[in-house]
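One structure is given below, encoded as structure tokens.
When a ligand or atom number is given, it counts from 1 through the structure's own listing order.
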Amino acid sequence: MDSRLDRRDFMKRAGIGAVTAGMALTGASARVLGANDRVRVGLIGAGRQGTDDMKDFALQPDAEIVAVCDVYQPNLDKALAAAGGQAQSYKDFRQVLDRKDIDVVIVGTPDHWHALAMVEACKAGKDVYVEKPICCAIDEGKVMVDAARKHQRVVQVGTQQRSATHFQEAVTLVQQGYLGKVSFVRTWNYDNEYPQGIGTPADSDPPSGLDWDAWLGPAPKRPFNANRFGVSDRWSTFRYFWDYAGGFMTDWGIHLMDIVQWAMQVDGPDAIAAAGGRFFIEDNAETPDTLQVTYQYPHFVATYENRWDNANSMYDHGYGIEFHGTDATMFVDRGGFEVFPETRPAAPGSKRLNNRAPSMKMEACNNDHYDHIRNFLDCVKSRQRPISDIEIGHRSTSVCLLGNVAYRSQQRVVWDVAKQQIREGNSGAEQYLARHYREPWTLQA
Ligand SMILES: NC(=O)c1ccc[n+]([C@@H]2O[C@H](COP(=O)([O-])OP(=O)(O)OC[C@H]3O[C@@H](n4cnc5c(N)ncnc54)[C@H](O)[C@@H]3O)[C@@H](O)[C@H]2O)c1
């Protein structure tokens, strides 16, 4: 049975109106914007995703790209051309923040720069669209939330699946109990890059047009390596080095665990255990090629799995989310969702309502990335919190960072969700909650 839920009805049931109600931000933007005003946008980090973000901002009827900033001239030139030639170019993001006529900045840098650029933008009175994952260490995320609140800024995180109609409907079904009681959720990314992975280039001089020291910013000083910088014709490979990111666990895991925590209405796990390693891929990356993380939540278990040396997958999809309930199972990814009723009959007289959930499927039907930016711009004007508000993005980033904390410390991490602290007894894990910033950079809300 193919089912489309009525969207307005769904929004009501999902409480999406209520997400923003009562949370209006009183702070004004650098300029107070009316419904018909054009929003002036600056891009910081004009690589592949930043430029894609900028293009969908430019397509909105009320946004105008006025500044583009990058420390790598070839990317700056490309993005400037894509911006339509009206924007000014910069190499130092602080000059973008100094411009009083800019309302909004997009932060599309590698992850290790997100926190600083976002926090400084908040201090400068800008609203921010910051890419996921929001940071590299949980302590940075706390400062980011503080900065948004202290300076009363609207901050949307680039977890655009929250703006996909079919994800919203899938989440509502889980929350309404359509699958019965959900006790197990599986998430995964599988691929096969054996044996070469991303290769092993030697350290070298940086390419012309790159300010390597500015690219490193708050991260430790290192000789240039093409994989650490990572810009090439594939997704940039900085993702696989601890100084700048957290591997697949944070890069992709956040898109999956964000939906899990939303659907299951939780802010974080109580305990995290991980097993994995760099087993077979022969490259100079640091993050594991094989990883399994198990999350203990109050009433269910969730797992995240990543394999880089075998692409065999479930449902023939290299990534996805599976919710297992007492009445049905749901598979969901960016293409749509499908509900499979439980086949094992309920025992006579049992409390279980067997096959209560008829099979159901729905295909993706909107441009979530465009709509995510629309939601942000509407909130910039209304001063409401957006659908992927920074606090939500922080919690979705944290669950993934905790997977890496468990992996790197080789400890079962017991987590206090409310206090956002490791409980006693995990002394080896503490060190991974914070990052040391290279001088002269400091992070302060
Ligand atoms: N929302 C999504 O679905 C999605 C998809 C892909 C990537 N992303 C995120 O987008 C971010 C960028 O990823 P990417 O693959 O586009 O990387 P990329 O390497 O292509 O782009 C990053 C750019 O930032 C520039 N940069 C570095 N330091 C800078 C600084 N101080 N000031 C200005 N520019 C600076 C780099 O030179 C580069 O051009 C990452 O955080 C990634 O996780 C999100």
Side-chain angles (χ1 to χ4, degrees), residues 42-56 67-80 82 89-97 105-118 120-121 129-136 140 156-164 167 189 206-207 209-219 224 226-241 243-256 258-259 287 319 333-334 367-370 372-373 376 388 393 396-397 400-401 438 441:
L43 169 63
I44 298 170
R48 187 160 163 180
Q49 184 63 24
T51 303
D52 280 354
D53 291 340
M54 180 191 77
K55 286 179 182 168
D56 266 355
V68 175
C69 170
D70 205 291
V71 297
Y72 182 46
Q73 190 68 45
N75 277 1
L76 188 55
D77 292 342
K78 270 191 261 173
L80 210 54
S89 75
Y90 297 88
K91 289 192 167 158
D92 186 334
F93 74 97
R94 292 168 293 191
Q95 291 175 328
V96 176
L97 302 185
V105 293
I106 306 164
V107 177
T109 62
D111 311 358
H112 69 287
W113 260 114
H114 287 180
L116 254 173
M118 176 271 181
E120 291 304 314
Y129 187 96
V130 60
E131 267 308 338
K132 50 48 61 178
I134 66 160
C135 54
C136 298
E140 292 178 297
Q156 177 88 300
V157 175
T159 41
Q160 67 274 1
Q161 291 175 172
R162 288 212 177 215
S163 291
F167 270 113
N189 289 113
L210 173 65
D211 182 342
W212 178 236
D213 194 63
W215 189 97
L216 287 171
F224 175 82
N227 274 352
R228 286 179 171 270
F229 172 52
V231 174
S232 67
D233 51 6
R234 63 184 290 160
W235 283 106
S236 289
T237 51
F238 70 81
R239 290 166 164 75
Y240 311 118
F241 293 86
D243 284 347
Y244 324 120
F248 262 84
M249 176 74 256
T250 53
D251 185 37
W252 247 102
I254 183 172
H255 284 308
L256 308 174
D258 179 53
I259 301 298
T287 55
Y319 73 95
D333 73 359
R334 290 181 178 178
N367 181 340
D368 58 351
H369 189 252
Y370 179 91
H372 205 54
I373 290 166
F376 172 61
S388 289
S396 300
T397 300
C400 300
L401 290 171
R438 184 166 66 112
W441 301 105

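- Among residues two or more places apart in sequence or in another chain, the side chain to side chain donor-acceptor pair (under 3.5 Å) test is passed with Asp56 by His369.
- Applying the salt bridge (charged side-chain N to carboxylate O under 4.0 Å, His left out) criterion to Arg48, with sequence neighbours excluded, gives no partner residue.
- Every residue two or more places apart in sequence or in another chain that forms a side chain to side chain donor-acceptor pair (under 3.5 Å) with Gln73 is listed here: Asp77, Lys91.
- Panel note: side chain His372, backbone Arg162; no donor-acceptor pair is recorded below 3.5 Å.
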Check ligand 1 against the protein and report each N/O to N/O distance under 3.5 Å, formatted as atom name, atom name, distance.
{"unit_1": "ligand 1", "atom_1": "1 (N)", "unit_2": "Glu131", "atom_2": "OE1", "d": "2.9"}
{"unit_1": "ligand 1", "atom_1": "1 (N)", "unit_2": "Gly158", "atom_2": "O", "d": "2.9"}
{"unit_1": "ligand 1", "atom_1": "1 (N)", "unit_2": "Gln160", "atom_2": "OE1", "d": "3.0"}
{"unit_1": "ligand 1", "atom_1": "3 (O)", "unit_2": "Gln160", "atom_2": "NE2", "d": "2.9"}
{"unit_1": "ligand 1", "atom_1": "3 (O)", "unit_2": "His255", "atom_2": "NE2", "d": "3.2"}
{"unit_1": "ligand 1", "atom_1": "15 (O)", "unit_2": "Arg239", "atom_2": "NH1", "d": "3.0"}
{"unit_1": "ligand 1", "atom_1": "15 (O)", "unit_2": "Arg239", "atom_2": "NH2", "d": "2.9"}
{"unit_1": "ligand 1", "atom_1": "16 (O)", "unit_2": "Arg48", "atom_2": "N", "d": "3.3"}
{"unit_1": "ligand 1", "atom_1": "16 (O)", "unit_2": "Gln49", "atom_2": "N", "d": "2.7"}
{"unit_1": "ligand 1", "atom_1": "19 (O)", "unit_2": "Ser236", "atom_2": "OG", "d": "2.7"}
{"unit_1": "ligand 1", "atom_1": "20 (O)", "unit_2": "Arg48", "atom_2": "N", "d": "3.0"}
{"unit_1": "ligand 1", "atom_1": "20 (O)", "unit_2": "Ser236", "atom_2": "OG", "d": "3.3"}
{"unit_1": "ligand 1", "atom_1": "31 (N)", "unit_2": "Trp113", "atom_2": "NE1", "d": "3.3"}
{"unit_1": "ligand 1", "atom_1": "37 (O)", "unit_2": "Asp70", "atom_2": "OD1", "d": "2.7"}
{"unit_1": "ligand 1", "atom_1": "39 (O)", "unit_2": "Asp70", "atom_2": "OD1", "d": "3.3"}
{"unit_1": "ligand 1", "atom_1": "39 (O)", "unit_2": "Asp70", "atom_2": "OD2", "d": "2.7"}
{"unit_1": "ligand 1", "atom_1": "39 (O)", "unit_2": "Asn75", "atom_2": "ND2", "d": "2.7"}
{"unit_1": "ligand 1", "atom_1": "41 (O)", "unit_2": "Thr109", "atom_2": "O", "d": "3.4"}
{"unit_1": "ligand 1", "atom_1": "41 (O)", "unit_2": "Asp111", "atom_2": "OD1", "d": "2.6"}
{"unit_1": "ligand 1", "atom_1": "41 (O)", "unit_2": "His114", "atom_2": "NE2", "d": "3.0"}
{"unit_1": "ligand 1", "atom_1": "41 (O)", "unit_2": "Lys132", "atom_2": "O", "d": "3.3"}
{"unit_1": "ligand 1", "atom_1": "43 (O)", "unit_2": "Lys132", "atom_2": "O", "d": "2.8"}
{"unit_1": "ligand 1", "atom_1": "43 (O)", "unit_2": "Lys132", "atom_2": "NZ", "d": "3.0"}

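- Residues Trp215 and Tyr72 place their aromatic rings such that the two centres sit no closer than 6.0 Å.
- Trp113 has its ring centre less than 6.0 Å from the ring centre of Trp441.
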